[in-house]
Structures are given as structure tokens and as C-alpha cells.
**Student:** 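The following block contains the structure, expressed as C-alpha cells.
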Amino acid sequence: MKATATTPPLFRSKLLCLSLLYLFTSLFLALYSSLSSTKCLFRSSPFDPIQSPLFNYPPAYGEHKYAIPTLRASCISPVFFSDYWMVLKEIQEFNRNSSSLGSSVLKYKQGNDDSFGGNFSTQERISYFDHQDDGVELPCAFFKDFPISISDRMAMEKCNGVVVVSAIFNDHDKIRQPRGLGSKTLDHVCFFMFIDEATLKGLDYHNIISRKSNEYKVGAWRIIMVSSEKLYENAAMNGVIPKYLVHRLFPNSKYSIWIDAKMQLVVDPLLLIHSLVIMEDADMAISRHPLYVHTMEEAMATARWKKWWDVDSLKTQMETYCDNGLMPWSPKKLPYPSDVPDSALILRKHGVATNLFSCLLFNELEAFNPRDQLAFAYVRDRMNPKLKLNMFDVEVFEQVAVEYRHNLKHGGPSVAQRSKTKRASSDFYVNGSCSKCEKYLLQMWGESHD
């Protein structure tokens, strides 16, 4: 009789074997992560973080569902954070010793108009790009009242240091609490979230806030209710008001951070401002786009993936910019490393250049569409004074914030929304078909012999 080999009982269970494999793999990855020299974030010393939850959400709200994973093998330029207590002291001293930067320097057009932004022509908008500090009043929206309560307006004016701003319109995202805050950060940083009626209805449904309250607070965020029916029909256009006009909504703030509501901040905002703006001597810090370098690439992707419904208007916008000097990115544009940002996170020092850029960009958004990446390089390259811009690597962006999917809309887009989408004529993508952008396209595709 032949002897038969027997399998040890320990390995007879497939479930046990898989569990052991998962355990050892997890331990290896954790050890590698802790020892790897490619991590993008470094702190020179630990600080005292807030340990308790900022807000207890009801389970049905699902504020942490549908996170988008990011896996990067390397980090080109890691960010070094200074000591939290040193940063806090430095920013406090700056706030005490400086008046409001920028809001008292630029003068803004006043008046009434049917449009919140004034709806200026191309040549009118261009005439304001060269700011000579000669007393000329700059168009920067607010030609209609921004419909918020008096108490909210007063709270915004009292924010005289660092402000973190976000917005949710049309119940498109969830309110998520910032993580990694130092123990004194909430005493020195304001957090404001702008919402509309549709978002308020959803928050009330989940018992997060009550519509009967006069003021709304959710954890770190003060909630500002905006009567958006008095502004723009498009919810995304209403969202770019606090995104780019933060210096006007918070006239006494010195620094600001905009973060899209799809993102959750996981690094203290004081450390971010200090490392990405102050230490870099920058007016503004923003991430590079992970895929695109040229504005036309973003325009083509916007049309291809139907990020904006009127594709023919996208073509008109790009023709307007090409006709007025926009060229693809090249080393001639250095120190700007790209023409396309990921604008989900914007850090600003409020001053003349930053406020001018924000006003000029908002005017372009009202003229065409709220896709801010399309107007970014056009405004940046044409404006004067020039913007000192820190366009940091996308690996850093993915380390300082966690991205989540937007709220799922059951049933998909309506038939009416689908039917109004205008398809681009095929020559939108064809080399040389657009006479106004022919030079741009030839240079972008490497066929120019200039």
C-alpha cells in the first residue's frame, strides 16, 4: 500500500490561508509606508491634534461613503511642515500687525444689473487685465445683492485671519469635517460652508440641522444659507461665487483656503498656508492637473465627457482666447509649470495680485461657463501685476485631502438635460480646422516651425 501525504490541518481551511495572506500583506504595506522615503508630507515635530469627533453624523447620512482611492508610487517634491506652535504664533503675529490686504487697495465697480457679475463684453473684460493702480474701478460682481442673512454677513466680516470656504448647491455633496486640526486651530480659523435650499432640505431630512433654526452649525462649519434663485440658474455658477470672490465675501481675512465639497481636508489649514504659501513666497497655491498641461486638452476633455452641456460655446470660448493671445504651455511660461490646475483646493494670500486674478477669472466664468480650468491660464498669462503662483504636484494634493464621489442621483440625468446637450462639430478636434486656434493647435501637437 502506497503511503499518502496528508495536508496539515492548519492549511486545510482556504479561509484561514487567505486570512493569513491578507494579514502578512497588510503588515508589509504598513511597514513599507512608514519607512518609505517617498512620502509627500513631513512634519518637523508632532503637534497636539483634536482627538474628539467634531460632529456625530447619523449613520444614514454616509459622509464617508464612496471615497476615491489614490495610489502613487513616488513623490517628486514632498512638503515639509514647520512646528505647529511656531506656525500658529507666526500667523497670529501677521494678523495682528497687518491691515486687510487687498480689499482696501483694489476699487470695485458699484451699480445695479440684471446679472450678478455685470455681463461685460470681451473687450470690456480685457481692458481691466492691466492694473495700474490708477484708481480705475474693477468689475468684480455684486451688481445684485448676495442673498444671505444679516447675521451671516456680520459673522463673515468678523473673520479676520484664515478662512476655509466650501459650498454645496443642489445637494451635490455631503458636509465632511476637516481632520488633523491642531488643538487651537478652531480658535483662529473660520470654516464657512455655503448651501442652497435643495441642500438644506437634504440636511434637514437627515436631522443634521433643523430648518427652524436661525443659524446653522455642523461641527467646524458655519452653514450659510444662500437664496440661490436670486442668482444664477446653474448651481455650479453659484458655487464659483464663494470659490473666487472669497476676498469680497470675507473682506477682513488675510488668507483663505477653498476646498470643493467633494474633498475632505486632512491636514491642518494653518500648516498648509504656512508651507504652500508663506514659505514659498506665493500669492496663491494650487495643484497641477494630474493629466493635462494645455488648456485645449482640458477643453477637449470637457466636451468629450460632457462636463458642460453647450459644446459649441466651448469652441467659441477657446476661439476667443486664441484670438486674444492664448498659447499652449511651453518652457517659455516658466516658472508656471502648467496651464491646467486641479482647482478643488486653492490657497490664497489676499493681496492685489490674487484679488485681481480672482475678479478677472470670475468675469470670464460668467461670460462663458463655470469650468474655471478653461480660463485659468488665459487670465494668469495676460494679467498685470503677475501672480506668484505655487503649482504643487498632484501627489501632494492627494495627501492633504481625500476625494469622495458626488452624491448619487437616482435615475441619472433627466431627459430634458440630456436633450439640451449640444454635440461638438467634429472639427473641434481636427488640426487646422479652427482658424483662430490653428497656431495654438500646431504648437500643442509639435508641428509648428516658428
Side-chain angles (χ1 to χ4, degrees), residues 61 103 108-120 139-159 163-176 190-253 256 258-262 309 358-359 361-363 365-372 406-407 409 414 416-417:
Y61 187 61
S103 61
Y108 303 113
K109 274 186 176 294
Q110 308 293 323
N112 298 310
D113 196 277
D114 292 337
S115 168
F116 181 76
N119 197 22
F120 292 89
C140 194
F142 295 92
F143 294 101
K144 292 173 67 175
D145 181 54
F146 188 63
I148 61 175
S149 70
I150 294 176
S151 61
D152 286 338
R153 197 181 303 273
M154 292 176 62
M156 290 157 60
E157 291 178 355
K158 288 179 181 178
C159 184
V163 60
V164 180
V165 181
S166 191
I168 304 174
F169 288 92
N170 201 28
D171 199 26
H172 201 49
D173 293 285
K174 291 180 170 60
I175 297 178
R176 298 177 177 93
C190 315
F191 289 81
F192 283 85
M193 174 75 70
F194 293 83
I195 68 169
D196 62 357
E197 178 64 29
T199 308
L200 178 62
K201 183 178 179 180
L203 294 171
D204 180 67
Y205 172 80
H206 286 285
N207 296 315
I208 292 175
I209 58 178
S210 171
R211 299 171 68 123
K212 297 178 181 178
S213 302
N214 294 324
E215 296 180 359
Y216 308 120
K217 190 82 184 289
V218 179
W221 298 100
R222 174 158 180 155
I223 309 300
I224 307 296
M225 171 63 192
V226 182
S227 300
S228 58
E229 68 274 3
K230 299 179 181 179
L231 295 171
Y232 298 100
E233 291 184 8
N234 184 274
M237 192 63 213
N238 289 325
V240 300
I241 295 174
K243 184 173 186 176
Y244 282 102
L245 302 180
V246 59
H247 63 289
R248 299 212 62 190
L249 294 170
F250 300 87
N252 298 313
S253 61
S256 66
W258 164 268
I259 184 164
D260 280 7
K262 67 178 180 179
W309 62 273
S358 298
C359 292
L361 188 66
F362 181 86
N363 293 340
L365 301 184
E366 191 195 55
F368 292 106
N369 58 70
R371 302 298 302 176
D372 53 345
H406 295 298
N407 284 347
K409 302 293 184 182
S414 66
Q417 178 68 33

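Small disclaimer: the values here were computed from a predicted structure and weren't measured.
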**Student:** Looking at F143, is K109 sitting on its ring face, NZ or CZ under 6.0 Å from the six-membered ring centre and within 45 degrees of the normal?
**Tutor:**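 So K109 doesn't make the cation-pi contact.
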**Student:** Say you draw a straight line from CG of N170 to CG of N407; how long is it, rounded to the nearest 0.5 Å?
**Tutor:** 10.0 Å
**Student:** Give, for atom CD1 of I148 and atom CE of M225, the distance between the pair rounded to the nearest 0.5 Å.
**Tutor:** 11.5 Å
**Student:** Mind listing the closest non-hydrogen atom pair of S228 and N238 along with its distance?
**Tutor:** CB-ND2, 3.6 Å
**Student:** List the atom of K144, the atom of D114, and the distance in Å for their closest heavy-atom pair.
**Tutor:**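 Shortest heavy-atom separation between K144 and D114 comes out as CD-O, 3.2 Å.
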**Student:** In the structure I gave you, are the side-chain heavy atoms of E215 and R222 within less than 4.5 Å of one another anywhere?
**Tutor:** yes
**Student:** Testing the basics here: between D145 and R153, what is the closest heavy-atom pair and its distance to 0.1 Å?
**Tutor:**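 Taking every non-hydrogen atom into account, OD1-NH2, 3.7 Å.
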**Student:** Quick one, D196 and V226 - any side-chain contact, counting heavy atoms below 4.5 Å?
**Tutor:**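 The answer is no, as the side chains (C-beta and beyond) never meet within the 4.5 Å cut-off.
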**Student:** Is there a side-chain contact between W258 and P242, using heavy atoms and a 4.5 Å cut-off?
**Tutor:**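 When only atoms from C-beta onward are counted, P242 and W258 do touch, with a gap below 4.5 Å.
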**Student:** Are any side-chain N or O atoms of Y61 and backbone N or O atoms of K174, one a donor and one an acceptor, separated by less than 3.5 Å?
**Tutor:** no
**Student:** Is there a side-chain contact between L203 and I195 in this structure, where contact means two heavy atoms from C-beta onward sitting under 4.5 Å apart?
**Tutor:** yes
**Student:** Can you classify the ring geometry of F362 versus F116 as parallel (below 30°), tilted (30 to 60°) or perpendicular (above 60°)?
**Tutor:**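 If you compare the ring of F362 with that of F116, the planes turn out perpendicular.
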**Student:** Would you give the length of the straight line joining atom OH of Y108 to atom CG of L245, rounded to the nearest 0.5 angstrom?
**Tutor:**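 It comes to 9.0 Å.
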**Student:** Locate the shortest heavy-atom distance separating D204 from S210; write the atom from each residue and the value.
**Tutor:** OD1-CA, 3.7 Å
**Student:** Before you tell me yes or no, could you show the steps for H406 and D173 under side-chain hydrogen bond (donor to acceptor under 3.5 Å, both in side chains), namely the whole-Å CA-CA distance, both residues' side-chain angles and the distance that decides it to 0.1 Å?
**Tutor:** CA-CA 5 Å; H406 295 298; D173 293 285; 2.7 Å; yes
**Student:** Roughly how far, to the nearest 0.5 Å, is the CD atom of E197 from the CD atom of E229?
**Tutor:**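 So the gap between those two atoms works out to 8.0 Å.
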**Student:** Once you round to the nearest 0.5 Å, how far does CE of M237 lie from CZ of F169?
**Tutor:** 11.5 Å
**Student:** Over 60° means perpendicular and under 30° means parallel, so tell me whether F194 and F250 are parallel, tilted or perpendicular.
**Tutor:**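 Rings of F194 and F250: perpendicular, as their planes differ by over 60°.
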**Student:** If I take atom CG from residue N252 and atom NE2 from residue H247, how far apart are they, to the nearest 0.5 angstrom?
**Tutor:**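 With rounding to 0.5 Å, CG (N252) is 13.0 Å from NE2 (H247).
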**Student:** Check the pair L249 / F142 against side-chain contact (heavy atoms from CB on, under 4.5 Å), numbers first and verdict last.
**Tutor:** CA-CA 10 Å; L249 294 170; F142 295 92; 3.7 Å; yes
**Student:** Using modelled atom types only, decide if a donor and an acceptor are shared between the side chain of T199 and the backbone of I168 within a distance under 3.5 Å.
**Tutor:** yes
**Student:** If you compare all heavy atoms of Y216 against all heavy atoms of R211, which two are closest, and at what distance to 0.1 Å?
**Tutor:**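 Closest approach of Y216 to R211, heavy atoms only: OH-O, 3.5 Å.
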**Student:** Does some side-chain heavy atom of L231 sit less than 4.5 Å from a side-chain heavy atom of F146?
**Tutor:**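 Yes, their side chains come closer than 4.5 Å.
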**Student:** Say whether, by atom type as modelled, one donor and one acceptor occur between the side chain of N363 and the main chain of F120 under 3.5 angstrom.
**Tutor:** no
**Student:** Going by the rule salt bridge (charged side-chain N to carboxylate O under 4.0 Å, His left out), which residues pair with D260 if we only count those two or more places apart in sequence or in a different chain?
**Tutor:** K243
**Student:** Do W221 and S166 have side chains that approach each other closer than 4.5 Å (heavy atoms only, starting at C-beta)?
**Tutor:** yes
**Student:** Compare all side-chain heavy atoms of D152 with those of F192 and state whether any distance is below 4.5 angstrom.
**Tutor:**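 In short, these two side chains do not touch, never coming nearer than 4.5 Å.
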**Student:** Do the side chains of E157 and P251 get nearer than 4.5 Å, heavy atoms only?
**Tutor:** yes
**Student:** Might you point out which heavy atoms bring A261 and A167 nearest each other, and give the distance in Å?
**Tutor:** CB-O, 3.4 Å
